Amino acid sequence: MAESRGPAPAGPPSRSRLGRWLERERVFRILPLIPVQALVLALLFVPMVLTVYISLLRWRITRGFWTEAPWGGVSNFLDALTDEGFFDAVGRTFLFAGGAVVLELALGFGLALLTYQSFRGRRFYFTVFLIPMMIIPVVVGYDFSMLLIDTGPLNAVLSALTGLDVRVRWLSEYRAAQVAVILADVWQWTSLTFLIFVSGLAALPRDPIKAARVMGATRWQVFRHVELPLLKPVIVIAVVIRTMEALKIFDMPMLLTQGGPGNATETISIYLWRNAWIFNKISYAAASSLILLVVFTVLIYLSIWLLRRERRQLEAETAR
Amino acid sequence: MRNLGIVWALVLAVLATGVASAQQVPGNTVEERAVNGAKAYLKKIGVDRLEQTMMMVSLFAKAQPKYLDEWEKLTGIRIKTIEYGYTEIPAKIMADAVAKTGQYDIYNHQMYMLPDAVEAGAVVALDDYAARGKPYFDDIAKTLRSEMYYKGKLYTFFTDGDQTVLALRQDLLDLPEARKAFKAKFGWEPGCPDTWKQWEELASFYQGKKGDKFYGMVLDKDLYGAQEYRAREFGYRWWQGRYISKGKLFFDRNMKPLIDGPEGVETTKEQVSLTKYMPKDIFGWGTPQNYPFFAQGNSFSIATFPSLVGYSQNAQGTVLKGKVLSCIVPGSMVGGKLVRRSIQPAGTNYMVSKFSKHPEAAYWFLQWFTGPEVGNRTVADRDGFWEPFRVGQDKDKNIVARFGEQFVKVTLENAKIAVPMIPLQGNREYLDALDVALQEAYHGRISPEEAMKRTARQWEKITDDIGRKKQVEAWKYVVESGAYFDAAGY
């Protein structure tokens with residue numbers, strides 16, 4: 001035991017009681033954590049508690065300060081759970097996230113496989129593929145709104161390629177607008193999945209691949225039975241990161257269509273934003289966001305469970 | 001005793017007159033009184049100079065600074081601006097109402113923002129200042145003037161009449177063969193339509209495909225019969241003017257929605273029907289797309305903001321210089337009488353922040369800037385987007401030079417019949433519910449009847465959530481102020 005309750009050992013006579021207390025191992029261990037905990041408390045716990053409390057009020061900004069708002073109990077939660085608009089927005093968000101993430105994974109993986117091989121100009125392509133991720137989303141949104149106007153370059157290119165007068169109304173037709181939002185997201189965030197996959201491929205252990213080649217496996221067999229299983233944890237990471245981000249999608253539909261036409265591209269983030277800051281229904285928005293928090297937390301835990309399972313399987317296979 | 005009473009009454013009268021004259025700021029014009037009021041205020045607080053901040057719509061970044069410089073020269077009060085897009089400003093004002101930063105002294109936005117800003121406690125009533133400054137509102141149409149008030153109190157000044165206008169292609173109307181054929185088909189001379197039905201008749205006639213022969217000319221591109229906003233955030237604005245022209249209010253005295261009645265359904269049907277004469281792309285178009293499309297000669301008619309007319313005259317690439325006929329908005333026949341109503345879809349306004357350290361100084365700027373003389377200068381300003389609305393602005397040479405006499409006369413007629421967009425707390429929410437349902441109807445996903453039913457259901461919910469009693473009281477003020485003339489249902 002570092003601590004002693006007996007008479008203090010002879011030490012430098014100038015040391016104060018505070019100094020001695022600070023030198024205790026338990027205190028020293030805990031002390032650095034205090035600012036971090038305080039920060040967590042201030043940044044996460046307090047707003048969280050406040051959000052829960054506000055969600056139980058009937059506060060609109062037009063009803064004065066939140067301290068004056070009447071108590072609403074679970075009425076906001078019930079309102080959200082019986083509101084078609086809420087569920088439609090959640091459904092659309094999953095549609096966008098699903099569509100975008102699948103495409104981003106496929107394209108990112110394909111591009112990673114291309115640049116993974118050594119060839120002339122590889123570094124150039126590598127850089128080019130990473131650029132979209134570094135552009136500010138507002139700029140991407142603006143550029144896409146220009147590209148996608150009915151008389152714009154995308155329709156012109158499609159017309160030239162097909163020989164037909166292609167006039168897809170990317171921003172004013174229900175389905176086309178949804179596709180446009182997914183396209184813009186895919187263009188920007190394929191870079192990220194590309195980067196994750198390139199890192200994953202570069203970190204693959206060489207020995208199992210060499211062993212498979214020595215045993216006469218074809219390139220496809222090596223990829224299918226060795227590289228792909230080894231990459232599974234990386235794929236799961238890419239899926240988790242991109243899905244979590246894609247579920248929060250706000251900027252692209254906002255910039256391209258403001259959630260329209262109708263509410264074809266109104267994602268849950270836009271829905272919450274509208275309710276909180278356009279309709280001033282802060283309590284309702286708080287309750288809706290808490291419902292989403294529960295849904296997303298379950299999803300995250302499922303993903304983490306999946307990731308751990310993949311890792312365990314991989315470790316077991318490697319051990320064998 | 002009787003004599004003593006008379007003496008007391010005289011003393012009180014003299015005192016009251018003295019107090020009143022001490023309170024009223026001297027000056028022969030609205031602007032002079034504003035400048036004097038501002039100077040007196042600075043003297044009262046013991047400073048020579050003052051700096052204030054305006055949250056400003058970015059559209060005015062070019063035009064506004066010259067007036068702010070002038071105000072500073074006149075009074076010593078410098079107003080700096082922080083610009084935002086007009087779609088961002090409501091959220092910024094609401095955030096300021098919560099945070100109470102005091103960062104802004106003046107909010108510049110649009111008329112419909114007022115009820116929420118008042119209920120959020122973000123803006124101050126201006127009646128006391130106005131009692132001393134004596135601004136002049138008698139040359140503003142009654143319904144537009146009603147938008148400056150909320151529950152009977154004055155909260156905002158404006159210097160922009162944004163009441164809608166219908167514009168037609170005069171060059172096409174002048175085609176003699178077309179005129180003859182049109183009259184033979186519809187029984188009236190083509191020109192500004194009196195009714196919405198007549199506008200659709202015009203739209204159905206003046207249209208064709210590229211290469212078609214059109215009464216003595218060959219169309220060098222597709223010609224569409226009409227343009228009216230159909231995109232999210234826009235379409236619902238035009239719906240309201242058309243609906244009110246059918247003589248019905250939005251709510252009854254208990255805030256029960258009336259829009260799911262025959263008038264609301266008919267309005268939606270008319271809008272859906274007219275859409276077939278518009279370019280398909282209209283569903284995604286705001287002003288930046290609608291204006292050039294019309295100015296480049298692609299369509300015959302457009303119902304829009306009044307600035308379209310000036311745009312068609314001056315914009316780069318316009319082919320319609322001198323070829324646009326401005327019209328009073330069409331109307332509906334109600335009980336054998338033609339009723340026309342022009343919606344006020346925007347209208348740039350100015351409010352004083354409740355968190356301003358010097359609300360009085362901010363007020364004096366508002367009175368000066370929107371006064372009849374400076375206000376006329378702003379409307380005539382080619383850098384600005386302020387449109388005519390005051391009676392007599394058709395006599396102002398600069399305004400006429402900027403917009404053209406025919407337009408100014410027409411837009412002032414439209415100002416007389418302008419009505420506001422539901423001036424109640426939560427209007428964005430009411431209007432968004434209408435907007436979403438209309439979008440579904442425009443796209444043919446639901447029927448006009450269903451669209452109106454859905455909207456009415458949503459409106460009931462919104463009213464209950466905000467507080468029916470409160471809304472009933474506010475709606476009473478609106479209706480009794482004559483904001484919707486004599487529309488029925490209350």
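Order of the sequence lines fixes the chain letters, A, B, ..., with proteins taken first and strands second; residue numbering starts at 1 for each chain. Just so we're clear, the structure is a prediction, and the values are computed from it rather than from any experiment.
With a 4.5 angstrom heavy-atom cutoff, B:A117 does not touch chain A via any of its atoms. Using a 4.5 Å cut-off between heavy atoms, B:A231 makes no contact with chain A at all. Neither the backbone nor the side chain of B:K92 comes within contact range of chain A, judged by heavy atoms closer than 4.5 Å. B:N427 does not touch chain A: none of its heavy atoms, backbone or side chain, sits under 4.5 Å away.
Looking at every heavy atom in both residues, A:N280 comes nearest to B:D116 through ND2-OD2, 3.2 Å. Closest approach of B:D465 and A:R60 over heavy atoms only: OD2-NH2, 2.8 Å. What you find for A:F65 and B:V98 is that their closest heavy atoms are CE1-O, 3.5 Å. Across all their heavy atoms, A:S172 and B:G284 have their closest contact at CB-N, 3.2 Å.
Taking B:A91, B:G426, B:P115, B:A437 one by one and counting their heavy-atom pairs under 4.5 Å with chain A, the maximum is reached by B:A91. For the set B:K100, B:K280, B:E233, the count of heavy-atom pairs under 4.5 angstrom toward chain A peaks at B:K280. Taking B:Q439, B:E429, B:E119 one by one and counting their heavy-atom pairs under 4.5 Å with chain A, the maximum is reached by B:E429. Ranked by heavy-atom pairs under 4.5 Å with chain A, the list B:L438, B:D435, B:D432, B:T87 is led by B:D432. Interface remark: of the candidates A:I282, A:I278, A:N275, A:D79, A:I278 forms the most heavy-atom pairs closer than 4.5 Å to chain B.
In this structure, B:F283 CZ and A:E173 CD are separated by 7.0 Å, a value rounded to the nearest 0.5 Å. For the atom pair A:F279 CZ and B:L431 CG, the distance stands at 9.5 Å (nearest 0.5 Å). In this structure, CD1 on B:I466 lies 6.5 Å from OG1 on A:T62, to the nearest 0.5 angstrom. B:F234 contributes atom CZ, which lies 7.5 Å from atom CD of A:Q258 (distance to the nearest 0.5 angstrom). Atom CD1 of A:I61 sits about 6.0 Å away from atom CE of B:M94, to the nearest 0.5 Å. A distance of 7.0 Å separates NZ of A:K281 from CD1 of B:I462, quoted to the nearest 0.5 Å.
In this structure, A:I136 places its CD1 atom where only 12 or fewer heavy-atom neighbours from other residues, nucleotides or ligands lie under 6.0 Å away. The 12-atom threshold is exceeded at NZ of B:K461, counting heavy atoms of other residues, nucleotides or ligands nearer than 6.0 Å. Atom NZ of B:K151 is surrounded by more than 12 heavy atoms from other residues, nucleotides or ligands within 6.0 Å. The neighbour count for B:K276 NZ, taken as heavy atoms of other residues, nucleotides or ligands under 6.0 Å away, is above 12. Other residues, nucleotides and ligands place no more than 12 heavy atoms under 6.0 Å from the CD atom of A:E84.
Geometrically, B:R445 engages A:Y174 in a cation-pi contact defined by less than 6.0 Å to the ring centre and at most 45° from the axis.
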Between side-chain atoms of residues 89-103 of chain A and protein atoms elsewhere (two or more places apart, or another chain), which donor-acceptor pairs fall under 3.5 Å?
residue : atom : partner : partner atom : Å
A:R92   : NE   : A:N263  : O            : 2.9
A:R92   : NE   : A:E266  : O            : 2.9
A:R92   : NH1  : A:N263  : O            : 3.3
A:R92   : NH2  : A:N263  : O            : 3.3
A:R92   : NH2  : A:E266  : O            : 3.4
A:T93   : OG1  : A:A89   : O            : 2.6
A:T93   : OG1  : A:I268  : N            : 2.8

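Tested against A:P261 for a side-chain contact (heavy atoms from CB on, under 4.5 Å), the candidates B:R232, B:H443, B:R230 yield a single pass: B:H443.
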